Amino acid sequence: MKRFTKTFAVFCAILMIALGSVSSFAASYSTYTYSIDGEQLPSPDAYTPEKVIDSKKIGLEKALNAPTAIEVDNDGNVYIADPNNNRIVVLNRYYAYKYEISTFVNSDGVADSLSGAEGLFIWEGYTIENEEYIKEKLIYVADTLNRRIVVFDAEGNYIRTIREPSGEVIDASEIYRPVALAVDSSGRIYVVSSMTYQGIISLTNEGEFAGYIGAQKVTYNALQLIWRKFQSAEQLAKQDKNISTEYNNIAIDDEGFVYVTNGAIEESTLSSAIRSGNDDYAPVKKLNTSGTDIMRRNGFFMPAGEITFRSYARTSEGSTVPYGPSHIVDVALGPANTWSIIDDKRSKIYTYDDNGNLLFAFGDMGTQMGNMQKVCSITYQDEKMIVLDKQTSSFTVYSRTDYGDLLITAIENNNKRMYSRALDDWNEILKSNNNFDAAYIGIGKAYYRLGQWETAMDYFERAYDTDNYSDAFGKWRKEWVEKYIWVIPIVVIVFCVAVAEFFKFANRVNRKATVSGKKKTFWEEVLYAFHLIFHPFDGFWDLKHEKRGSVRAAFFILALAVASFAYQSIGRAYIFNPRGGYTSIIGQLSGLLVPIILGSTANWCLTTLFDGEGSFKDIFVAICYSLTPIVMFVPLATLLTHIVTNSEAGFVNLLLGLCYVWVGMLLFFGTMVTHDYSMGKNVITLLGTVVCACVIMFIMVLFSSLLMKMVSFVSQIITEVTYG
């Protein structure tokens, strides 16, 4: 019995250790996506770590030493650039050692060797020999320290050397140091040089210089622009070189489009670009043969790795937590037009679809299986993903999960226009991950292709995809118009007649009030605003001298303006307000009333000193009557948001722009007539009003601060007396 008890205890201990290991492994990293608000949303694992391969498992006599690049050919063979050992290590698809490329006899018959080779590319295609197509595999090596590209065949035999471009082409102040390269199907070579800032170097199949593509845009502040006027050509070139940034890695797809990564963009510039969506400073670009960036960035944020990050350093358990935007060091092209980038600052992998939507992100720094110390290169091997760790001189093989398989299948079906199958796949994905916005978009696109516009709009709305929602809405609107075409002219005619009759009625009331000689009623004072906005000079004169308006009518118009903005806040269509944000009626009231009171006070204080004839009451009433176009146009523009698409949004913005210009003109002429100023004096007075308003705000802030300190001081004295 004792023996059984001991055996059972040992078994339980082993089981607990095993479960602890599994738990530790499961918690080694989390997979997530981002919401439209930049919040991390947990996601099922698309890839899980299968194994870690180091020099010992490969079977190397001389261990890898800080390798820099890893590639896979169509047969699954793995190639590793090991620059500190001046070699390229070749493995079979099972990660066992095959051979290495280090020394060779060059075309001059002289013994030669690689030196600090940091990059490589495996080209596979067909060449014509004796009018027959022959399949060929070539290994292009970026022989960095020797400043050249060396080409080998599939067995590692030397083929040829592509020398450094001539000095007439490359700036004499630069050093040609190829660190990465890619070759298209026709043999055109694209080279990343670590000390070249003009962009990617393009070479012909024979190695002749063809030009630069994709140079990073340079911007200057106002002071730099002025200073550049006085600089020499040499100084300008030096400044451009210091400001421009060079690329650090490259990949190429089957259609010849080049993906490049730039890890040298200043963090402040990159942070601003992520927030604003400025793709001029995107860390990953997709270039065509002319160097134009054609990458689609239709996701919530541009593909840039981490979106939510700290902008300052912080330590945790004695180590510094990564902060700032991601530092992207490599890009790899995956199945179904997906692609992945790696962040060596956090050792994370981010995968996107062809539209720039983040599919998933995972990884972390650490020593547990699945985590890495310093990622430097990424590639795909069929359904597996391989990531190279420079610090540990090893690579991790990740296997795609069932969820990952389902995700790729859905994207493939969508790309192949098999929308019914894609719809089933996306619905299955949502069962596993209802936070996945790309699934809602995929379902929406499937319904869109099937002609079910309203259902598509519903799914696009769930994913905050306003562009696709707008397209589906446009199709639904067209279908509705074709069905109810007779309704549109009726609505337009009724609206125009109603507006015309209203203005005729207002005109009759205003003419009657002019000659009646009686005290004006409230509604007569309100309707006078519709005469004033078309006849500002006579209108503001009569508003003040003939008492055609009143304070009560001014407050009523102000209330209508507040209500108009409140309706705009809550009544805009989804396309114009996808997040459903709004401002409360109290916020709208304070947002309009406070500037009016402040402007009236500042203008009255200033015009009192400069012979202004208007009282505070006159100024306030004139400002409120000037808001009448807001009451007319803002509700109308809000209604129009429900019948226009994204491409037609300019009409709504034009209407609002005309409204605000009209209000501004009324404010200008109202102030001029109220104070009986000339136009020049009125301009100066309005500028002074703005300055005076700023001074009043400063005094109010200062007074409130002093008042708070006094209250705090008295409170502390009372506390001391009470408990002393």
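Predicted model, so just to flag it, every value in this text is computed and none were measured.
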For [X], what residues pass the ring pair (Phe, Tyr, Trp, His ring centres under 6.0 Å) criterion, not counting sequence neighbours?
X    : result
Y574 : Y469
H642 : none
Y352 : W339

Looking at residues at least two apart in the chain, or sitting in another chain, which of them share a side-chain hydrogen bond (donor to acceptor under 3.5 Å, both in side chains) with N278? none
Taking only residues two or more places apart in sequence, or in another chain, which ones meet D437 in a side-chain hydrogen bond (donor to acceptor under 3.5 Å, both in side chains)? none
Which heavy atom in [X] sits nearest to a heavy atom in [Y], and how many Å separate them?
X    : Y    : value
L333 : A251 : CG-CB, 4.3 Å
V634 : Q568 : CG1-CB, 3.8 Å
R297 : V284 : NH2-O, 3.0 Å
G614 : I619 : O-CD1, 4.3 Å
A304 : I328 : O-CD1, 4.1 Å
L359 : A438 : CD2-CB, 4.4 Å

Is the backbone of [Y] close enough, under 3.5 Å, to the side chain of [X] for a donor and an acceptor to pair up by distance?
X    : Y    : value
S600 : I597 : no
N427 : L423 : yes
T641 : A573 : yes
T583 : G587 : no
N414 : A422 : no
E482 : E479 : no
D465 : N468 : yes
T292 : N288 : no

How long is the straight-line distance from [atom2] of [Y] back to [atom1] of [X], given to the nearest 0.5 Å?
X    : Y    : atom1 : atom2 : result
T308 : D37  : OG1   : CG    : 9.5 Å
I623 : N603 : CD1   : CG    : 6.5 Å
L560 : F555 : CG    : CZ    : 13.5 Å
C692 : W604 : SG    : CH2   : 10.5 Å
L527 : F503 : CG    : CZ    : 10.5 Å
F669 : N682 : CZ    : CG    : 9.0 Å

For atom [atom1] of [X], decide whether the heavy atoms of other residues, nucleotides or ligands shown that lie under 6.0 angstrom number more than 12.
X    : atom1 : answer
F698 : CZ    : no
Y660 : OH    : yes
Y582 : OH    : no
K520 : NZ    : yes
N653 : CG    : yes
E454 : CD    : no

Without hydrogens or angle criteria, can the side chains of [X] and [Y] be said to hold a donor-acceptor pair below 3.5 Å?
X    : Y    : value
T674 : D618 : no
D45  : T401 : no
R310 : Y323 : no
D467 : N646 : yes
N433 : Y403 : yes
Y350 : E306 : yes

Check whether any side-chain heavy atom of [X] sits under 4.5 Å from a side-chain heavy atom of [Y], and report yes or no.
X    : Y    : answer
L636 : L655 : yes
R552 : F522 : yes
N435 : S43  : no
T689 : T685 : yes
V673 : P536 : no
F473 : W453 : no
N355 : K445 : yes
S271 : E266 : no

Passing option when F576 is tested against T638, V644, T466 for side-chain contact (heavy atoms from CB on, under 4.5 Å): V644
Is any side-chain N of the basic residue among [X] and [Y] closer than 4.0 Å to the acidic one's carboxylate O?
X    : Y    : value
D424 : R421 : no
R462 : D458 : yes
R400 : D405 : yes
R548 : E525 : no

Would you call the rings of [X] and [Y] parallel, tilted or perpendicular, where under 30° means parallel and over 60° means perpendicular?
X    : Y    : result
Y34  : F301 : perpendicular
Y484 : W480 : tilted
F436 : W426 : tilted

For residues 485-501, tabulate all N or O donor-acceptor pairs below 3.5 Å that involve a side-chain atom, not counting sequence neighbours.
none

Assess K286 against F257: is NZ or CZ under 6.0 Å from the centre of the six-membered ring, and within 45 degrees of the ring's axis? yes
Identified ring pair (Phe, Tyr, Trp, His ring centres under 6.0 Å) counterpart of Y447 within the set W476, Y440, Y459: Y459
So N510 and N507, side-chain hydrogen bond (donor to acceptor under 3.5 Å, both in side chains) or not? Walk me through it. CA-CA 5 Å; N510 286 320; N507 190 36; 5.6 Å; no
Step by step, work out the ring pair (Phe, Tyr, Trp, His ring centres under 6.0 Å) result for W523 and Y528. CA-CA 8 Å; W523 290 114; Y528 180 71; over 10 Å; no
Show your reasoning for whether salt bridge (Lys or Arg N to Asp or Glu O under 4.0 Å) applies to E267 and K345. CA-CA 12 Å; E267 290 196 352; K345 186 185 293 185; 2.8 Å; yes
